[in-house]
Structure formats: C-alpha cells, structure tokens
Participant: 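Before anything else, here's the structure in question.
Both backbone and side-chain heavy atoms feed into the values below; hydrogens, waters and symmetry mates do not.
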Amino acid sequence: MSRGRGVRGSAGTATANFTCRDPLPHRVEFACKGRLKLCAFALGHRICGSGAFPLELGAAGSAWLLEMDLATGDHGAVTGTATATLANAASESFAVTGKYNAKRNQSALKLESMDPLSKDKASFSNLIVDVDSVTSGKLKFVVAGEKGTETIVPLQ
C-alpha cells in the first residue's frame with residue numbers, strides 16, 4: 001500500500017480568458033470558449049498547466065420596461081423623458097434628446113440618467129416607431145449594471 005504526499009494550504013492562482021456569444025434567438029445560457037491557466041505553489045516550486053476550457057454561463061439580468069414621453073419639434077428635434085422599470089420594480093428616470101428624420105421615418109435618441117451619480121444610459125439608432133410600438137432599430141444600453149446591444153426586430 002502506498003501513500004501519497006499532499007501539501008495542505010498551498011497557494012495557487014487561476015487566470016482565464018473567455019469569449020461568450022448569445023446569438024439570436026437569445027437563450028438562457030451563453031456558450032463560451034476560452035483558455036484556463038492554473039498554477040500551484042508547493043514545496044518551493046511553481047507548477048502550471050493550461051488548456052482549452054469550454055464554459056456555459058447563465059444569462060444575467062432580467063426584463064425591464066422603458067416608457068418614453070417624447071415630442072418632436074421644428075427641424076426634427078426630439079426631446080422628452082423616459083423611465084426604465086426593472087423586474088424588481090426599481091426605476092430610473094432619463095432625459096431624452098435626439099433627432100427625427102422624416103424622409104427616412106427614423107430617429108436617433110440618446111437617454112441620459114437624471115441622477116448625476118448614475119452610470120445608466122441608453123441610445124437608439126435607426127429607430128422606427130409605428131403608432132405605439134417600436135418596430136425596428138438598434139439599442140445600446142447600460143441599465144442596473146447590465147450592459148448590452150440589442151437589435152430590435154418586429155414581433156411575429
């Protein structure tokens with residue numbers, strides 16, 4: 001019978017670099033590929049190993065609702081306010097500025113938080129609104145620590 005020697009309390013490090021994708025249609029998990037490097041320090045020696053490492057991460061965040069009250073002035077200037085309400089009922093107010101292009105029937109909007117300490121913001125480009133709903137465009141946002149870019153497609 002042989003006994004292995006173990007070292008208790010040895011120090012170690014781990015470093016990783018991953019790329020994750022969440023293609024349309026969105027899923028509840030992101031598929032990630034990357035490399036992981038593990039190093040251990042024991043008995044005065046540093047031992048390292050690395051290799052490819054697949055990873056699945058659960059999608060963070062949750063749904064949020066953005067309500068806007070906007071007006072279009074002369075020469076297509078857009079102004080107004082917006083309120084983002086999170087699933088946990090927390091909300092934040094935004095000042096909205098932008099430009100409406102009547103020829104293309106598209107808007108570009110910028111939303112800045114009314115709280116000077118907040119880092120939340122959003123912007124819409126190529127936004128097309130039909131009556132009371134958004135039918136297409138692109139959204140970039142930072143809301144409640146979640147950062148992202150979404151392509152808006154019409155509901156089927």
Side-chain angles (χ1 to χ4, degrees), residues 11-41 48-156:
T13 61
T15 56
N17 187 13
F18 291 97
T19 301
C20 301
R21 303 273 184 233
D22 186 20
L24 291 173
H26 295 302
R27 301 179 318 201
V28 297
E29 291 182 336
F30 289 79
C32 306
K33 293 180 181 178
R35 296 195 61 78
L36 178 67
K37 181 177 181 180
L38 296 171
C39 293
F41 304 95
C48 296
S50 67
F53 193 78
L55 179 68
E56 285 192 4
L57 296 175
S62 59
W64 47 280
L65 175 67
L66 182 65
E67 295 179 277
M68 294 189 283
D69 183 16
L70 306 175
T72 305
D74 294 340
H75 309 291
V78 178
T79 58
T81 60
T83 303
T85 305
L86 306 178
N88 66 1
S91 66
E92 184 163 1
S93 297
F94 296 88
V96 181
T97 57
K99 186 84 173 159
Y100 171 69
N101 182 328
K103 186 175 182 180
R104 295 177 63 198
N105 190 31
Q106 291 182 343
S107 298
L109 302 176
K110 184 177 178 182
L111 288 73
E112 293 289 333
S113 176
M114 290 186 185
D115 178 355
L117 299 177
S118 174
K119 294 183 181 181
D120 291 351
K121 60 185 175 182
S123 65
F124 289 94
S125 58
N126 302 323
L127 185 66
I128 297 177
V129 178
D130 182 26
V131 186
D132 287 330
S133 64
V134 175
T135 59
S136 67
K138 190 166 201 160
L139 167 65
K140 285 186 173 184
F141 65 90
V142 176
V143 174
E146 296 293 325
K147 179 178 179 180
T149 302
E150 292 293 332
T151 300
I152 301 167
V153 295
L155 295 174
Q156 300 296 330

Participant: Of all heavy-atom pairs between R35 and S50, which one has the smallest distance, and what is that distance?
Facilitator: NH2-OG, 3.7 Å

Participant: To the nearest 0.5 Å, tell me how far L139 CG sits from T149 OG1.
Facilitator: 7.5 Å

Participant: Would you say K140 has more than 12 foreign heavy atoms packed within less than 6.0 Å of its NZ?
Facilitator: no

Participant: To the nearest 0.5 angstrom, please state how far the CD atom of E92 sits from the OG1 atom of T83.
Facilitator: 9.5 Å

Participant: Nearest 0.5 angstrom please: N101 CG to Q106 CD, how far?
Facilitator: 7.0 Å

Participant: Looking at side-chain heavy atoms only, is the closest gap between K138 and N126 below 4.5 Å?
Facilitator: no

Participant: Any chance you could lay out the side-chain contact (heavy atoms from CB on, under 4.5 Å) test for Y100 and N105, step after step, and finish with the verdict?
Facilitator: CA-CA 7 Å; Y100 171 69; N105 190 31; 2.8 Å; yes

Participant: Should L38 and F53 count as side-chain neighbours, where that means a heavy-atom distance under 4.5 Å?
Facilitator: no

Participant: Are the side chains of D120 and F94 in contact, using a 4.5 Å heavy-atom criterion?
Facilitator: yes

Participant: If you measure from OG1 on T81 to CD on E67, what distance do you get to the nearest 0.5 Å?
Facilitator: 10.0 Å

Participant: So does L109 get a backbone contact from the side chain of S107, meaning a donor-acceptor N/O pair under 3.5 Å?
Facilitator: no

Participant: Do K37 and T15 have side chains that approach each other closer than 4.5 Å (heavy atoms only, starting at C-beta)?
Facilitator: yes

